[in-house]
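Take a look at the structure set out below.
Source: prediction; values computed, not measured. In what follows, chains are A, B, ... by sequence order, proteins preceding strands, each numbered from 1.
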Amino acid sequence: MSENIRVRFAPSPTGPLHMGGVRTALYNYLFARKNDGKMILRIEDTDQTRFVPGAEQYIMESLAWCGIQFDEGIIEGGSYGPYRQSERKSIYAAYSDQLIQSGNAYYAFDTAEELDELRKQAEAERKTFIYNSESRKSLRNSLNMNDVEVKKHLDEGVPYVVRFLIPENTSITMNDLIRGTVTVKSETLDDKVLFKSDGMPTYHLANIVDDHLMEISHVIRGEEWLPSLPLHVLLYEAFEWKKPQFAHLPLLLKPDGNGKLSKRDGDRLGFPVFPMQWKDPTTGEISSGYRENGYYPEAFVNMLALLGWNPGSDQEIFGMNELIEAFSLDRVGKSGSKFDPEKTKWFNHQYLIRQTDEALAQEWLKWLKAEKNLEPEKKKVVKIVSLIKERVNFVQELWEEANFFFETPESYDEKVVKKRWKTDSSEQMKTLAILLDDIQDFSAEMIDEKIKIWITENELSMGGIMNALRLLLVGAAKGPHLGDIMEVLGKTESIKRISSGIKALSN
RNA sequence: GCUCCCAUCGUCUAGCCCGGUCAGGACGCCAGGUUUUCAUCCUGGUAACAGGGGUUCAAAUCCCCUUGGGAGUACCA
């Protein structure tokens with residue numbers, strides 16, 4: 001029996017989760033489900049200064065909207081809790097102490113200001129200050145003090161942090177499921193802070209301790225963590241703990257130019273970068289979300305899944321269960337992916353046209369009530385939707401393609417008038433109106449048949465008649481089959497539009 | 001700057017590990033066809049192995065260098 005698969009998604013509640021984060025969560029989720037493992041949500045809120053109210057709630061709601069479910073977490077519970085690091089505060093100090101005792105960490109009494117100053121100085125000389133095997137020899141830390149001095153500092157309550165002691169002259173070899181073997185020399189690493197002077201652990205310590213305690217088997221996270229992997233590996237070794245397997249996901253890049261996808265790109269190029277709308281609690285600024293923009297969560301997830309992973313086949317449309325079935329970490333690419341807002345729309349189109357007419361009508365009915373204060377008969381809406389759904393990417397775009405079903409045209413597209421409204425159109429339309437009035441069963445089939453016969457008998461041009469008629473009924477050169485339009489409008493409305501149109505255009 | 005990661009059409013990508021295919025698919029774009037219009041749809045087209053060196057009968061595929069891009073470099077995660 002192999003080990004139990006346990007993965008976690010560990011966001012920091014410092015703001016809305018952006019789509020890159022959603023993708024990381026998604027890959028974790030797919031991996032867990034595929035391998036009969038557990039998916040855990042852990043909130044990493046060790047930085048009290050960056051706490052943003054509502055962010056935690058937002059993260060959970062977004063993931064729920066996407067259909068990403070957790071087996072353990074702050075809502076779901078579980079036997080490895082608590083799942084919020086701020087509530088695990090008491091756990092970490094002992095591990096920090098353990099590292100000091102084993103000689104893997106030390107106290108550092110340098111103040112933030114002192115270090116800032118050193119960084120500034122180094123920068124002036126076009127160098128970078130690093131707290132490492134070289135510089136630590138001349139700084140205010142326990143490595144340079146005897147036990148009495150250290151104790152004195154501690155007893156007097158001098159603020160301190162705990163730093164990890166990077167071993168000298170070794171090379172660290174790490175294995176990444178996506179990148180293979182990565183090797184780094186220990187001299188290039190710095191003695192990272194593990195425990196802050198405010199009594200909270202840093203990400204590095206809390207993360208390793210919690211992953212160990214929660215028996216995480218696979219750490220699947222963004223590539224921005226790759227540079228701290230050596231530290232994490234060293235930490236596991238210092239604790240003498242079994243390491244999880246690591247997989248560092250490539251980043252999501254901006255659609256144009258270079259760099260990591262950011263909120264600004266969305267504003268600039270006009271697409272959401274967040275799954276749901278977010279209102280900044282301090283500035284009140286609103287960032288748009290996929291949900292509010294009319295995207296189906298399935299489409300959003302499908303798009304995200306294919307951004308950096310592929311099934312190795314030509315299939316592009318995947319439901320969640322199909323994604324789970326097909327997913328594997330070794331088909332995740334190594335290079336960053338530029339996000340394509342256009343293809344995202346295409347995905348939504350694919351999901352929209354797969355909705356049943358009934359379901360789509362239900363959605364649109366809600367929209368019509370909310371946006372246009374219309375409450376049309378459902379049967380009619382189902383019919384309209386069946387006629388036009390192929391044309392749109394979003395439910396809210398249906399109106400643009402179908403407004404004429406609800407509103408009598410008030411103006412007529414001038415270009416079309418010029419092209420389609422001929423001198424004899426007026427007479428022809430009058431005759432046609434009488435013909436239509438005569439039809440008892442006002443169905444598309446019947447209408448089509450009658451018109452066709454009339455046109456043939458009088459040797460009229462199909463295009464000429466139909467285009468002029470369309471102009472009167474729709475006001476423009478757009479829309480589905482005319483027979484269908486008239487069936488939906490009904491006899492009375494159709495004839496009314498023809499008469500008023502003739503009147504308007506004869507002036 | 002330093003450390004690490006990455007590199008196939010404009011974009012997402014298959015192919016690379018285990019060298020031999022007209023380098024395949026999708027989005028977008030363009031053209032043609034269907035249609036009473038528009039859209040859909042169908043057909044076709046556009047367009048890539050970053051550059052250079054090796055290894056080999058043969059390199060997108062293996063090796064090296066260059067270039068380009070990305071990330072990290074906080075008492076943030």
Original post:
At under 4.0 Å between heavy atoms, what does A:Gly312 touch on the DNA or RNA strands: base, sugar-phosphate, or nothing?
Top reply: nothing
**OP:** Specify the residue among A:Ser228 and A:Val184 whose closest nucleotide of RNA chain B lies further upstream toward the 5′ end.
**Re:** A:Val184
**OP:** Taking atom types as modelled, find out whether A:Glu316 and A:Gln350 have a side-chain donor-acceptor pair closer than 3.5 angstrom.
**Re:** no
**OP:** Pick the C1' atom in B:rA47 and in B:rC30, then give their distance to the nearest Å.
**Re:** 12 Å
**OP:** May I ask you to decide whether A:Asp256 forms a salt bridge with A:Arg268, counting only side-chain N to carboxylate O separations under 4.0 Å?
**Re:** yes
Original post:
Taking all atoms of both residues into account, what is the closest heavy-atom pair of A:Ser96 and A:Phe195, and its distance?
Top reply: OG-CB, 3.8 Å
Original post:
Looking for any heavy atom pair under 4.0 Å, which part of the strands does A:Asp110 touch: base, sugar-phosphate only, or nothing?
Top reply: base
**OP:** Give one of base, sugar-phosphate or nothing for A:Leu482, where a contact means two heavy atoms less than 4.0 Å apart.
**Re:** base
**OP:** Name the nucleic acid region contacted by A:Gly222, choosing base, sugar-phosphate or nothing; use a 4.0 angstrom heavy-atom cut-off, strictly under.
**Re:** nothing
**OP:** Determine the contact category for A:Ser337: base if any of its heavy atoms lies under 4.0 Å from a base atom, sugar-phosphate if only primed atoms, P, OP1 or OP2 are that close, otherwise nothing.
**Re:** sugar-phosphate
Original post:
Between A:Tyr160 and A:Asn141, is any side-chain donor less than 3.5 angstrom from a side-chain acceptor?
Top reply: no
**OP:** Decide whether A:Asp448 and A:His481 meet the rule of one side-chain donor and one side-chain acceptor closer than 3.5 Å.
**Re:** yes
**OP:** Pick base, sugar-phosphate or nothing for A:Gly464, based on heavy-atom distances below 4.0 Å to the nucleic acid.
**Re:** nothing
**OP:** Provide the distance between the two C1' atoms, one in B:rA23 and one in B:rC64, to the nearest whole Å.
**Re:** 25 Å
Subject >> Counterpart base for B:rA71, defined by Watson-Crick or G-U wobble contacts under 3.5 Å >> reply: B:rU3
**OP:** Scan A:Thr344 against the nucleic acid and name what it touches under 4.0 Å (heavy atoms): base, sugar-phosphate only, or nothing.
**Re:** nothing
Original post:
Expressed as a whole number of Å, how far does the C1' atom of B:rC27 sit from that of B:rA14?
Top reply: 15 Å
Subject >> Shortest non-hydrogen contact from A:Phe109 toward A:Ser142 >> reply: CE1-N, 4.4 Å
**OP:** In whole angstrom, give me the gap between the C1' atoms of B:rC75 and B:rG69.
**Re:** 32 Å
**OP:** Classify the nucleic acid contact of A:Ser197 as base, sugar-phosphate or nothing, counting any heavy atom under 4.0 Å across all strands shown.
**Re:** base
Subject >> 5' precedence on RNA chain B between A:Leu387 and A:Thr183 (nearest-nucleotide basis) >> reply: A:Thr183
**OP:** Select base, sugar-phosphate, or nothing to describe what A:Arg221 touches, counting heavy atoms under 4.0 Å on all strands.
**Re:** nothing
Original post:
Which part of the nucleic acid does A:Val161 contact within heavy-atom distance under 4.0 Å: base, sugar-phosphate only, or nothing?
Top reply: base
Original post:
So what does A:Pro480 touch, heavy atoms closer than 4.0 Å: a base, only the sugar-phosphate, or nothing?
Top reply: base
Original post:
Rounding to the closest angstrom, what is the interatomic distance between B:rG20 and B:rC65 at atom P?
Top reply: 25 Å
Original post:
Can the positive tip of A:Arg23 be found less than 6.0 Å from the middle of the six-membered ring of A:Tyr27, inside 45° of the ring normal?
Top reply: yes
**OP:** Provide the distance between the two C1' atoms, one in B:rG28 and one in B:rU13, to the nearest whole Å.
**Re:** 15 Å
Subject >> Evaluation steps, ring-ring contact (aromatic ring centres under 6.0 Å, His included), between A:Tyr290 and A:Phe300 >> reply: CA-CA 8 Å; A:Tyr290 282 88; A:Phe300 179 60; 4.5 Å; yes
**OP:** Using the six-membered ring wherever Trp is involved, compare the ring planes of A:Tyr203 and A:His232 and label them parallel, tilted or perpendicular (cut-offs 30° and 60°).
**Re:** tilted
**OP:** Give A:Arg179 one of three labels, base, sugar-phosphate or nothing, depending on what nucleic acid heavy atoms sit under 4.0 Å from its own.
**Re:** sugar-phosphate
**OP:** With a 3.5 angstrom cut-off on both distances, give the Watson-Crick or G-U wobble partner of B:rC29, or none if there isn't one.
**Re:** B:rG45
Original post:
Can you pull the contact range of chain A along RNA chain B, 5' to 3', using atoms under 4.0 angstrom from its heavy atoms?
Top reply: B:rG1 to B:rA77
Original post:
What is the nucleic acid contact for A:Lys260, judged by heavy atoms within less than 4.0 Å: base, sugar-phosphate only, or nothing?
Top reply: sugar-phosphate
**OP:** Using Watson-Crick or G-U wobble geometry with both distances below 3.5 Å, tell me the partner of B:rA23, or none.
**Re:** none
**OP:** Determine the Euclidean distance between corresponding P atoms of B:rG1 and B:rG45; express it in Å to zero decimal places.
**Re:** 46 Å
Subject >> Interatomic distance at C1', B:rG44 relative to B:rC62, whole Å >> reply: 38 Å
